[in-house]
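Here the structure comes first, spelled out in structure tokens, and everything after it is commentary.
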Amino acid sequence: MTKLLAFAELKDGEARNVSFETVSAARQIDESAEVVGIVLGSENVEDAANQMIQFGADRAVTVTDEKLANYTSDAYTQAAMAVIEQEDPDGMVMGHTSSGKDLSPRLASKLDSGLISDITGVEGDQFVRPIYSGKAFEKKSIKGGKTFVTIRPNNIAPLDKDESRSGDVSSVDVEIKDLRTIIKDVVRKASDGVDLSEANIIVAGGRGVKSEEGFEPLHELADELGAAVGASRGACDAGYCDYSLQIGQTGKVVTPDLYIACGISGAIQHLAGMSNSKVIVAINKDPEANIFNVADYGIVGDLFDVVPKLTEEIKAQ
Ligand code: FAD
């Protein structure tokens with residue numbers, strides 16, 4: 001029987017959504033495979049392991065260690081390798097996130113195996129991944145060795161949660177040592193909003209918002225929708241918002257259910273980060289703006305008129 005590991009990613013002790021998407025992807029790779037959740041962390045590890053099972057894993061293996069409180073290449077590679085040596089899986093699925101992008105090639109190369117990164121779908125033994133900034137898709141497969149893949153968040157829907165589902169949760173003892181990097185403290189920028197890379201709805205602003213204050217109506221709309229706020233590089237470069245909000249080729253790649261682009265022209269580098277969104281709404285006062293070429297719904301108008309009206313309309317419902 002094929003055995004696949006599904007990697008759980010924890011943030012502040014909570015499993016991120018992409019963790020459950022890895023379980024679903026593993027099932028798509030081989031429906032009859034034994035899917036084993038792998039959870040590494042310093043706290044709430046057992047809870048996350050049980051969640052992996054409720055979202056479809058058969059069982060879960062954990063490593064709990066203070067040194068796994070924050071992601072570091074050395075510590076996570078040692079812990080993941082210990083699990084892989086114990087389980088000897090046929091493959092492993094991880095999120096295409098900052099840590100997944102770092103960990104997956106380390107593990108694959110140690111095991112002399114292939115890695116296909118940033119996949120958005122599974123078709124038989126082939127993996128679909130966007131190329132040329134999302135303008136085309138290629139299908140790839142791995143012929144030999146273990147199969148390592150990273151999945152783009154928000155593309156492979158998690159299986160339905162079944163709270164009655166149970167399975168074995170076991171732990172592996174690992175002596176994590178000789179670390180070249182130790183994280184002593186993490187200072188986060190204050191953020192009260194929804195995590196951009198996991199958001200189902202994103203309201204994004206471009207240079208058309210004209211100032212930092214110009215983002216206010218977008219935040220109000222986002223609050224009503226339970227959405228995250230994002231931005232074009234134009235808006236970031238102009239100092240209207242922080243670069244952590246940048247979406248695009250050199251920013252975050254997002255695939256929400258709904259993307260509302262406000263005052264964004266639709267440069268190819270911006271489209272590279274959002275054109276796979278399920279529904280795109282564009283608000284721009286220039287009817288010729290390129291963003292309308294990828295939009296499902298276009299509103300030609302001033303965003304400072306349109307966005308507050310949308311917010312009022314949603315509030316009224
Ligand atoms: P603009 O192109 O200036 O567009 C502003 C739009 O707002 C216009 O269409 C205008 O009609 C509209 N507008 C103005 N006022 C209003 C109003 N009141 N109401 C409604 N509409 C209004 N860009 C990214 O976004 N992400 C990236 O990751 C990225 N990476 C890059 C990497 C490289 C190597 C390079 C060279 C460029 C990159 N860029 C990236 C920059 C990209 O080429 C564009 O310059 C940028 O996306 C433009 O941002 P914008 O659409 O906000 O601004």
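Counting convention: from 1, in listed order, for ligands and their atoms alike.
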Answer yes or no: are there more than 12 heavy-atom neighbours, outside Q28 itself, under 6.0 Å from its atom CD?
yes
Considering only NZ, NE, NH1 and NH2 on the basic side and carboxylate oxygens on the acidic side, decide whether D302 and K285 come within less than 4.0 Å.
no
For residues 197-229, which residue pairs qualify under ring pair (Phe, Tyr, Trp, His ring centres under 6.0 Å), counting only residues two or more places apart or in two chains?
none
Write down, by chain and number, every protein residue that brings a non-hydrogen atom to less than 4.0 Å from an atom of ligand 1.
G206, R207, G208, K210, S232, R233, G234, Q246, I247, G248, Q249, T250, G251, G263, I264, S265, A267, Q269, H270, N284, K285, D286, G301, D302, L303, F304
Decide whether Y76 and D102 meet the rule of one side-chain donor and one side-chain acceptor closer than 3.5 Å.
no
Using 4.0 Å as the upper bound for N to carboxylate O, is an ion pair formed by D74 and R106?
no
Would you kindly say whether S171 and D173 are connected by a side-chain donor-acceptor distance under 3.5 Å?
no
